[in-house]
Amino acid sequence: MKVELQNLTKIFPSRNKKSGEEVVAVNNFTFTIPDGKLVGLLGPSGCGKSTTLYMISGLQQPTSGKIFFGEEDVTELSPENRGIGLVFQNYALYPHMTVRQNILFPLQNLRGKDKMTKQQMLDRAYEAAKLVQIDGLMDRKPNELSGGQQQRVAIARALVKMPRVLLLDEPLSNLDARLRLQTREEIRRIQKETGITTIFVTHDQEEAMSISDIIVVMKLGVVQQIGKPQEIYDDPINLFVAKFLGTPPINVLSGYVKDEKLYIGDAEIMTVNGVDDRDVTVAIRPEGFNLEENGPLVCALSNVEVMGRDVSIVSRHESSLNPVLRSIINADNKIDITAETVSFSLKPHKVFLFDAETEERIYFEV
Amino acid sequence: MAVLNFLNRVFVEGFWKTFCVKWIWQTFCVAWVHDAFYIQFLCKKLKYDKWKGWVYLAPCIALLLVFTVWPIINTVRVSFLEGYDSLAAIGGETFDIGIGNFERVVNAPKFLTCLKNTMLLCVLTVPISTILALLIAVCLNAIKPLQRALQTIFFLPYVTNSIAIGMVFMAMFQMVGSNFGSDNQYIASAGIINNIIGLFGVEPINWVNANSSYGANIAVLTIYIVWNALPFKILILLGGLQSVNKQYYEAAKIDSTPRWRVFTRITVPLLSPMLAYVVITGFIGGFKEYSSIVGIFDAKMGAPGQAGTLNTMVGYIYDAIANTKHGIASAAALILFAIIFVVTMINLYVSKKKTHY
């Protein structure tokens, strides 16, 4: 099922009546989610990603704009009539019911022509449980399950009624690091197997990057960039997106362009054709550095962290807007840890220029 | 016989006396002597933190021992003393040990009336008040505006004196008529209830006056007790409802659960600990019912000219004490305790199976 959002806007009235300040949680969100894709809504807390999800679910009404499932306008439809499955952040499994009863619950609500016999329901519940690999735990209560198992039950409960769209609200935030890795693979697998259009919300860029077909990066209710994970990573549209994606985070320095040359401090770093003379913010991915003895970017070496395959060089530069510069270099390179300074040249495709004022991307040619 | 032998040794040989007196005396010493300064001194000197708690608790324990523990022990003791008389006891008279008090209580027709009344009121009021309280709590929880104000209004009976409420109820159910009862003639200065049902063409009912029927009496009592019991139950259930995670309801909504099913399959099970608590305390309170009857029907425990027809277990115990039959009163109190104990155990057993914590 294709999901189409048209100019979706959600404004929360001000809590304080005197100041009358409204909160625009989601501002003019237009996007079409293709059928059968896994889409990640990504952004820092308060960016409106959960609100968007809840508007798609119908639990919240948009202030303006429309939502379509396929060709059907569901904007005015109440949540129970939208045919969605929703997995809550803390799963909201009914604590007094067993896993089986939890999964059966949505099926028992079906009325009219969808009404199923007991055996059909049990079969369907078992199928769903098998899909998420909890078929051995059917008689347990939620509090007898681990976080990851509860998560699976929640997904099974959402899937069992064959929703048109599956929504996941911060599905991994309650899991420990190891389980998180495992469960995100699971979500990917389940989504692939069922082919249900799935939208999930996360503030963890790594999570979003690793499993999504499409990422939507949001900030303060405004969509910043939509695209495939790798595209966004390689081609961020503004400084916010560049900073938000990638671990370790991107290095940000202030610099300027003069005669189509990029300067950081007083050093001429590289040629940037097609850019006017101006102040810029330079963002360099950690993997965008080359160790070069007489390289143009000279930094004060503070630390070298060995990570096996790679080494991470922590250094300082007076133009850096972050406390330190972090670069990741192949461990084959020889680094003199006792040296005072370290010199780099840059890989041009890992360097992004942004307007110092508007933080919008400035494109250049090498 | 072994039990009687044991009791004989405990009570007659005075072992319990030495033990209890010593215990009480020591506790009092601790409570009196250990003022703040001394507690500090003691704790430092002993370097035992576990003593600290006991020392702080001592005054409270002392009071409990004197006014709760000792009376309980004494009740058990007195109930097994044949023909016990407190004045004679002070005079140094001794009494035989036996179960005569219990026998007399169980065989007294008055006691059986009391037992029947108490049971009937319990069985009627607990389910009605619990179900009503649940419905009101759910409704209160569902409305946003005026919720606080309504909550306060519903809570008002709880802070009002039950005798006062009883008198108001008596006035409401009054049927004033000089000839009433002899030829069913009725003079119009009736209570508000009879006036209201009169509007619907119903003949006025003799609720609480002389010659009123037992059924009418019980109906008034039931209404009064239910109304009086509601606030506490609503408070507990509303508190429970407000602590239920809203997401369960959102999840149910997304799964298009009909309202009734949400209530029976989600709200009630999630409230079950509070419901169990309310039912258990309701039964315990019901078995101790007394002041409501006094409030409406006077301490004679019945409509005018029908003294004692509405008496309860607690009323029976009070009557026995008033007639200085302490042995009878103690035995009746223990029987009441046994009944409450058994009913509570049954409640706990049932709720354990049905309750989700």
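Naming: A, B, ... by sequence-line order, numbering from 1 per chain.
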**Request:** Against chain B, label A:R82 side chain, backbone, both or neither, depending on which of its atoms sit under 4.5 Å from a heavy atom there.
**Result:**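 No part of A:R82 comes within 4.5 Å of chain B.
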**Request:** Counting only heavy atoms closer than 4.5 Å, note whether A:I84 contacts chain B via side chain, backbone, both or neither.
**Result:**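 Both parts, heavy atoms under 4.5 Å.
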Answer yes or no: are there more than 12 heavy-atom neighbours, outside [X] itself, under 6.0 Å from its atom [atom1]?
X	atom1	value
A:K118	NZ	no
A:F12	CZ	yes
A:E193	CD	yes

**Asked** Given side chains that start at C-beta, do those of B:Q247 and A:Q89 come closer than 4.5 Å, heavy atoms only?
**Response**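 When only atoms from C-beta onward are counted, A:Q89 and B:Q247 do not touch, as no gap falls below 4.5 Å.
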**Prompt:** Less than 4.5 Å apart, any side-chain heavy atom of A:F88 and any of B:N245?
**Reply:**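 Not touching, per the 4.5 Å side-chain cut-off.
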Identify which of [options] forms the greatest number of heavy-atom pairs closer than 4.5 Å to chain B.
options	value
A:N81, A:L93, A:L110	A:L93
A:A154, A:P163, A:A92, A:P79	A:A92
A:P106, A:S78, A:G83	A:P106

**Contacts of residues 250-260 of chain B with chain A (heavy atom under 4.5 Å)** =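 Under the 4.5 Å heavy-atom cut-off, B:E250, B:A251, B:A252, B:K253, B:I254, B:D255, B:S256, B:T257, B:P258 qualify.
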**Item:** Contacts with chain A made by residues 122-149 of chain B (heavy-atom distance under 4.5 Å), listed by residue number
**Value:**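 Answer by number: none.
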**Message:** Show the nearest heavy-atom pair for residues B:Y248 and A:Y94, with the distance to one decimal.
**Reply:**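 For B:Y248 versus A:Y94, the nearest heavy atoms are O-CE2, 3.7 Å.
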**Message:** Please evaluate residues A:Q101 and B:R265 with respect to the criterion side chain to side chain donor-acceptor pair (under 3.5 Å), reporting the C-alpha separation (whole Å), side-chain torsions for both, the decisive distance (0.1 Å), and the verdict.
**Reply:** CA-CA 11 Å; A:Q101 288 169 326; B:R265 290 291 306 273; 5.4 Å; no
**Request:** Measure the spacing between CE of A:M97 and CD1 of B:I266 and express it to the nearest 0.5 Å.
**Result:**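 One gets 5.5 Å once the value is rounded to the nearest 0.5 Å.
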